[in-house]
Structures are given as C-alpha cells and as structure tokens.
Amino acid sequence: MDYVPSPDRPTAGPPPTARHRAAPRTAPIPVKIVVAGGFGVGKTTTVGAISEIAPLTTEAEMTTVSVGVDDPGPESGKTTTTVAMDFGCVTIDRSLKLYLFGTPGQTRFGFMWDDLARGALGALVVVDSSRLDDCYPAVDYFERAGLPFVVGVNTFHGRLGHSIDEVRWALATGPAVPVVAYDARDRLSVRDALLVVLDRALDRAVRSQPS
C-alpha cells in the first residue's frame, strides 16, 4: 500500500518562513574623507551639495574684525565662515558610505586639521584657481602627512582662472596627484571628484601591500 501523508501532518522540509527569508544585508563600510583648502574656496558648498543628510556646519557671520585677515576674494559674496568643521555623508553603494569632514580654511584654526584628518582614507583639496596662494598650505599639509589627496579646482561661475596644467605647474605636484576641475555646487560633479579620491586611496593601498 502506498503511503499517503495525512493532511493534518506537515511534510518534511523547512517551514515556509525559512524558505522565503531574505539574506541579511551587511552594513556599508564607513570611509572618512577630508575636504580641505583655503578660506572661501568652496569646502562647505562641496559637502552640502552631495550630503544625503542635512549637513552639519559651524558657520559664523563675518564681521569687520576679520577685514584684512580673512579675504574671500574680490568677487565673493561670502558673509559667513566655517569656524570648526563641516560634516556630511553619502552612500556610494550598498558596500560603501563616505563620511565627509570639511576643515576650516583660516590659518588660526589650523590646529584642528590633525584631529579631522585622523583616520581618513584620503582628502579632496579644494582650490580657487584665481587665488592659488591660498591652497599651498593644504597641499603641503597632506604631502607631509602622507595622506593620498586629489586637487579639485572649483569652477567658480563656470570658469577657471588658470588651466589645469597651469594649476599643476604652480602647485608643483607630482604626476601621481590627480588635478581635476569640478563644480562645488553640482552634486554629480562633486561625486566624480570624490570617486577620484577613492581611486587614488585604493591605488596607494594596493601598492603598499607586500608582494
């Protein structure tokens, strides 16, 4: 006689909930990126343009006391300045999430850079091509720190004061340091610049591994 399972008795096998349970998602890997540069070059704008959360900023009104000390450039309408840091984040994909830390641009707040750069994978050094003198300290800082960085030339008003080749020559950066033009107000343009930072950091990590 053939065996016929009783309708009151479940057949062997995993319960329906186990068969249809989705695989658990792993949290994306957090990666710290520093957005640095001189005063008024577009660091806060860069972080705010791409952050998927409301960015944390420490902006304070500029007063007459800063005249002759903080110079944002003759064409700037800047009325505030970062006095501590900017913070934002953006998810690149399911495996990677960037945490962006923007530095203050004034020399008198330079003591904060070591703390903000600690644990960072790389840096985007934002440059105003019409005021190249303001970006030398940031480039020197990351060269001394040995942290991979990319020079991002902010296209103020859609134009560059100098060509990319002229900027590279003026900064005397090596060929391994990418120099790219981007628009700090445009989310996709900022994303592309940050991806170059990631590529640079990954290349450094691969080359530093023992063969």
Side-chain angles (χ1 to χ4, degrees), residues 26-59 82-106 109-128 134-155 164 167 171 173-174 176-209:
T26 57
I29 298 173
V31 174
K32 182 178 182 181
I33 298 292
V34 176
V35 180
F39 176 66
V41 295
K43 301 181 299 296
T44 299
T45 302
T46 296
V47 174
I50 197 170
S51 179
E52 61 193 18
I53 63 171
L56 168 66
T57 61
T58 55
E59 293 283 287
T82 299
V83 295
M85 58 171 281
D86 299 313
F87 173 77
C89 63
V90 57
T91 302
I92 299 298
D93 54 33
R94 291 183 179 181
S95 64
L96 195 63
K97 187 168 186 175
L98 303 186
Y99 291 88
L100 308 174
F101 290 79
T103 66
Q106 300 93 321
F109 295 127
F111 65 91
M112 298 186 61
W113 282 42
D114 288 341
D115 289 333
L116 292 175
R118 185 174 295 114
L121 185 69
L124 177 66
V125 176
V126 184
V127 169
D128 178 354
D134 294 344
C135 72
Y136 293 138
V139 171
D140 291 342
Y141 176 88
F142 291 109
E143 285 181 340
R144 291 195 305 269
L147 189 68
F149 69 95
V150 171
V151 175
V153 185
N154 190 4
T155 55
I164 294 298
V167 171
L171 298 181
T173 57
V177 178
V179 180
V180 300
Y182 84 107
D183 187 340
R185 301 164 299 179
D186 183 80
R187 178 182 176 84
L188 293 180
S189 185
V190 172
R191 179 205 64 185
D192 291 344
L194 292 174
L195 289 178
V196 178
V197 177
L198 286 175
D199 286 343
R200 168 92 166 112
L202 179 61
D203 179 66
R204 170 73 68 87
V206 170
R207 288 190 290 108
S208 64
Q209 290 181 349

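Hydrogens, waters and symmetry mates are skipped; everything else that's a heavy atom, side chains included, is used. This one's a predicted model, so the numbers in the text were calculated from it and none came from an experiment.
Heavy atoms from other residues, nucleotides or ligands lying under 6.0 Å from CD1 of I29 number 12 at most.
In this structure, K43 contributes its side chain and F101 its backbone to no donor-acceptor pair below 3.5 Å. In terms of modelled atom types and a separation under 3.5 Å, the side chain of D183 and the main chain of S189 share no donor-acceptor contact.
The side-chain contact (heavy atoms from CB on, under 4.5 Å) test with L98 is passed by exactly one of L195, V197, I92: I92. When each of I33, V35, V90 is checked for a side-chain contact (heavy atoms from CB on, under 4.5 Å) with V47, only V35 meets the rule. Checked against F142 for a side-chain contact (heavy atoms from CB on, under 4.5 Å), the options V150, V125, V151 give a single hit: V125.
Contact detail for G88 and S51: the closest heavy-atom pair is CA-OG, 3.4 Å. The two atoms that bring R200 and P178 nearest to each other are CD-CD, 3.6 Å, heavy atoms only. Across A184 and G42, no two heavy atoms sit closer than the pair CB-O, 3.9 Å. The shortest heavy-atom contact between L121 and P148 is O-CD, 3.8 Å. Contact between P55 and G48 at its shortest, heavy atoms only, is CG-CA, 3.9 Å. Among all heavy-atom pairs drawn from A181 and T155, the shortest one is CB-CG2, 4.2 Å.
By the 30° and 60° cut-offs, the orientation of the rings of Y141 relative to W113 is perpendicular.
The structure places CG of D199 at 8.5 Å from CG of D203, a figure rounded to the nearest 0.5 Å. Rounded to the nearest 0.5 angstrom, D186 CG and T45 OG1 are separated by 12.5 Å. Note: L147 CG to R204 CZ = 7.5 Å, rounded to the nearest 0.5 Å.
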Decide side-chain contact (heavy atoms from CB on, under 4.5 Å) for L124 and Y182; before the verdict, give the C-alpha distance in whole Å, the side-chain angles of both, and the deciding distance to 0.1 Å. CA-CA 11 Å; L124 177 66; Y182 84 107; 4.2 Å; yes

Derivation of the side-chain contact (heavy atoms from CB on, under 4.5 Å) call for V41 and N154: CA-CA 7 Å; V41 295; N154 190 4; 5.9 Å; no

Given side-chain contact (heavy atoms from CB on, under 4.5 Å), test D86 with L100 step by step and report yes or no. CA-CA 8 Å; D86 299 313; L100 308 174; over 6 Å; no

Residue pair L96, V31: steps toward the side-chain contact (heavy atoms from CB on, under 4.5 Å) verdict: CA-CA 7 Å; L96 195 63; V31 174; 3.3 Å; yes

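Between I164 and V153 the shortest side-chain heavy-atom distance falls below 4.5 Å. Put simply, the side chain of V177 reaches to within 4.5 Å of the side chain of F149, judged on heavy atoms.
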